[in-house]
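Here you go, one structure.
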Amino acid sequence: MAKGFSCFSRLRPFLAMTTGLALAISTASWAAAPNGDDALVQKGEYLAKAADCVACHTAPNGKPFAGGLAITSPMGNIVSTNITPDSETGIGHYSEADFTRALQRGIRKDGGHLYPAMPYTAYAGLNSADIHALYLYFMKSVAPVSQKNQPTKLSFPFNIRALMMGWNLLFLPHDAQKTDFDHLSSFERGRYLADTLEHCSTCHSPRNLFMAEKKSAYLGGSPLGGWYAPNVTSSVNSGIGSWSEDDLVTYFKTGEVAGKARAGGGMAEAVSNSLSHLTDRDLHDLASYIKQVPAINDAQDQRPRDQYSAPVENTDLRTGETIRVDRPVVMDGAALYDNNCASCHGGNGNGSPDQHIPSLYNNSVIGSAQANNLVMTILTGVQRKIDGHEVFMPSFGDQSLVQRLSDKEIASLANYVTGRFGRGDAHLQASDVQTIRQGGAKPFLIRYISMLVLMGGLGILLVLSLIYRCFKKTGRKGAAS
Amino acid sequence: MEYDADVIVIGSGALGNNAAYELAKQGKSVIILEAGKSIPRWKITENFRTSPRKNNYNDPYPNAATAPTSFAKDYIENTGSFAYLPGMLKLVGGTTWHWAACAWRYLPSDMKLKSLYGVGRDWPISYDDLEPYYCRAEEAIGVSGRSDEDQSGQGKKNFPPRSKDYPMPSDGINYMTNRMHDRLGKLGYRFVQEPSARPTNQPYDGRPACSGNNNCMPVCPIGSMYSGDVHARHAVKAGAKLLTEATAFKLEKGSGNKIEAVHYRNANGEDKKLTARYFIVAAHGFETPKLLLMSDVANSSDQVGRNIMDHNGLAIQFLADEPLWSGRGTVEEACIVNMRDGQHRRRYAASKHNIGNSVPNMPVAQRLIAQGIFGKELDERIRHDAARWVDISSMFETLPSPSNRVIPHPTKKDALGLPTLSIHYDVPAYTEAAKDIVLRDYRRIAAGMKGEIVNETSEWQNHDHIMGSVIMGKNPADSVVNGECRSFDHHNLFLATTGVIPAAGVVNPTLTGIALSIRIADIIAREV
């Protein structure tokens, strides 16, 4: 954040003066704040939850909103910033106009461009009265934390923030909501929640060559830092068309619908931090909006991903010789399943009777065409805490304190699990797991950027426009928000 | 002089690893030596599932010729009247792979046995000295428990005193305990719930909450129960270096009576040497004195290997007159603690009854098959009897006696050419004196449940709680280490083992050992 651009540096004294003035005025007005402001602060708090600001702007075990979380992206880690009202290190010196510009145009107070890991393309739709409430909340109610921002260091050419201007020209919408949150119709409120506040499409819409959301495939599913944010359109077989509105609301509130799906990864965070805090009315509006999103069908999906397999009474999976660690034999998927999964999920995949530990059949992760989420769940485990109720599956990744499995073991285990409880053997190789472990396949543009830069002869304009368009917000936390 | 490390820890069990982690966390360079290998949990689970020897808790674990467990043929020879044969493992994580995770604190009175009751020895440190370290040990390994009970069984409240609550609340009291408490409480029996190093209703430190596999011994298949491998990973992550298949066989003395180096032998029989400023021997209650005796160090008192204790035990199984459904949750759920403390300790040993909570299908079926019952009737009887099965085992206090000792075997060697163990142990008269009182109790308890006694053991049993072998005390003439667990003979040598414990009490000493180990790390960190 410290790096400014020379073209803006002349403006700084002026900006500082105006901000100081604005702050002085607003501080004075807050001192005598009537109750109307309290209501606005409350509204702002609710909207901040709905927009899930805390997920990205809080480091693990860090203070809320003080930033410092490294958000993985194909270009490198983008470190979230301190958005507490601390005037030195946070946004205490932001005027409401500065705040608005950051939210809607992705431009910092010092004029520097944000990367779209900050979902300003979604927040561009925020209503000005709602931004006012958010601003009051952040300035008045969030505790200031003095914590310096860590620099984001991306590789060339992505480290040139000004390039975002070109990308924004092409992909940043301008249509802010005219009506504020409290006065929207049910349908509009559902859409506003989905598209602007919860920014669902940030993760669930696939990206085009320039890593902007493909409008034509809205909510059609997209890979995301090793995970796969699934198709959540109304398609019965490919999306969530078979879900009732109540199913969706239950899922938003608890992260789980028995016999259908469980939230892991970024979605578990979104449920924990954001969705579970929304009112029932808002969740119904959101669910009802999501349910009418036009279907995107994949002909290969023969049935909904939560409708694969059935319980198999099979308590003794294998027979044969005693296997000893001193005389190791090839450990196949069945052996891996027995010894890593069956003790909780059951030899027959039933899960626990109360489904606190879910069944592996009727399980959208395992019935999905993409094995990403199964592999990521094995690698990272599951962690959701909602209303003090904690759901936890240990990680089997390279930092696990319980069990660390190799790429080959995970491939073999995932193939067994998809074969037995899903839509068929996923045929993963160890190298597939390695790719997922490293954050998934790199987008085209990232893979070929150096070549593209070198191929300047093809036309400077073409190259420039590619570079302008080459940013993507993604990654662990990006998934959450 | 250049050292290979600030501190070398010999042994990667729960105690050594906790000390290593605390030191590494404070920026000290640490090397951990482990005789065995590192084996993933799932392979141990596989071994257990496919083994026909389910009662043998060492069976699923590696038993390499170069790192033999206590059950390796001829590894431990007994010359006394009691066959002392604990279930010792050799792999990263040590024997807590198959403990039942009972994480007790000693009572203040346990540590003042001589002054209060005129028998045995006092600890050189008090409960208050250890209390903050008990808290840290409970946090390190994730103990769930109840702090509102009198664990001494004397009808007080909240005892022993604690400055912090357990890191996690205990799980609910199961049906069996409730029913037994309903019926036996009237007869005066005082029940307490066992503190358990196992998350119950929430995850802890990357470990999942217990899902009730009831398989704590020989392996928790989901890694919910604490085992020492957790802190091997923490230590390595904090920067410690872990060498496996590295059996220490000699501590080398240098100038100023300091220990200067450790010699170890790898699985290929090659010898290596490492130097360090400080050494922690955390190589099990028997292997630690063996290493000291082989190295001829730390033994000016002639007490190394002597004074060995266990909680010698008895047991009874009966079939209650009502279904109790043993087996929900951990294998150790509740205890009767009336005799854990009191004036009787002047005359005979304290004792504690553990109400076993294992799924009893295997012993039930074995008994029925031996009676010639087969087919459909066998199935029905297994269901009937398993529901009513009660298995009570008791732990007795023992006293240190120099004649109870462990030594390197004078002639026998293992595959590495290092001596095996020879043990001489006779159950102390103080312990024998409590036997009839406990056997009487058994009959009263069985009668209280209108039980049909199936089996009553009057033969002493092992409880694998090795204490006294490198005894702690105030006096260098009769003790191996001081209250810091520091050798009286070598300023830079510490022993992290339950072998230092001079008064046994009746509870599993592992938590106390971990608390002492964390304390050792703090002391060394200030000096190195």
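Computed over heavy atoms, backbone and side chain alike; hydrogens, waters and symmetry mates excluded. All chains are named by letter (A, B, ...) in the order of the sequence lines, taking the proteins before the strands, and each is independently numbered beginning at 1. Quick caveat, the model's predicted, so the values are computed rather than measured.
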Assess whether side-chain contact (heavy atoms from CB on, under 4.5 Å) is satisfied between A:Asp338 and B:Arg49, documenting all intermediate values.
CA-CA 9 Å; A:Asp338 270 12; B:Arg49 290 219 165 108; 3.9 Å; yes

A:Asn339 side chain to B:Glu46 backbone, donor-acceptor under 3.5 Å
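Yes; at least one donor-acceptor contact below 3.5 Å.
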
Return yes if some donor-acceptor pair links the side-chain N/O of B:Asn213 with the main-chain N/O of A:Ser343 below 3.5 Å, else return no.
yes

Within the supplied structure, the quantity of interest is the number of heavy atoms (other residues, nucleotides, ligands) at a distance under 6.0 Å from B:Lys54 NZ; does it exceed 12?
yes

Where does A:Ser352 contact chain B at under 4.5 Å (heavy atoms): side chain, backbone, both or neither?
neither

Heavy-atom neighbours of B:Arg328 CZ exceed 12 at 6.0 Å
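Count not over threshold, so no.
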
For A:Arg404 and B:Arg233, what are the C-alpha separation, side-chain angles and deciding distance, and is it a side-chain contact (heavy atoms from CB on, under 4.5 Å)?
CA-CA 11 Å; A:Arg404 297 171 187 186; B:Arg233 297 196 182 94; 3.0 Å; yes

If you round to the nearest 0.5 Å, how far is CG of A:Leu401 from OH of B:Tyr204?
12.0 Å

Which pairs with one or both residues in residues 374-387 of chain A pass side-chain hydrogen bond (donor to acceptor under 3.5 Å, both in side chains), sequence neighbours excluded?
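Checked against side-chain hydrogen bond (donor to acceptor under 3.5 Å, both in side chains) - neighbours excluded - the pairs reaching residues 374-387 of chain A are A:Glu256-A:Arg384.
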
Can you tell me which of B:Pro208, B:Ser211, B:Ala232 forms the most heavy-atom pairs within a distance under 4.5 Å of chain A?
B:Pro208

Portion of B:Thr45 that has a non-hydrogen atom of chain A nearer than 4.5 angstrom:
both

Under a 4.5 Å heavy-atom cutoff, which of B:His231, B:Lys237, B:Gln202 has the most pairs with chain A?
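Most heavy-atom pairs under 4.5 Å with chain A: B:Lys237.
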
Residues B:Arg207, A:Phe392; criterion side-chain contact (heavy atoms from CB on, under 4.5 Å); working and verdict
CA-CA 9 Å; B:Arg207 286 146 52 199; A:Phe392 181 87; 5.8 Å; no

For atom NZ of B:Lys25, is the number of surrounding heavy atoms from other residues, nucleotides or ligands below 6.0 Å larger than 12?
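Yes, enclosed.
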
Can you tell which part of B:Asn215 gets under 4.5 Å to a heavy atom of chain A, answering side chain, backbone, both or neither?
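The answer is neither part of B:Asn215.
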
Close contacts, residues 218-228 of chain B versus chain A, judged by heavy atoms under 4.5 Å
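Checking residues 218-228 of chain B against chain A gives B:Pro221, B:Ile222, B:Gly223.
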
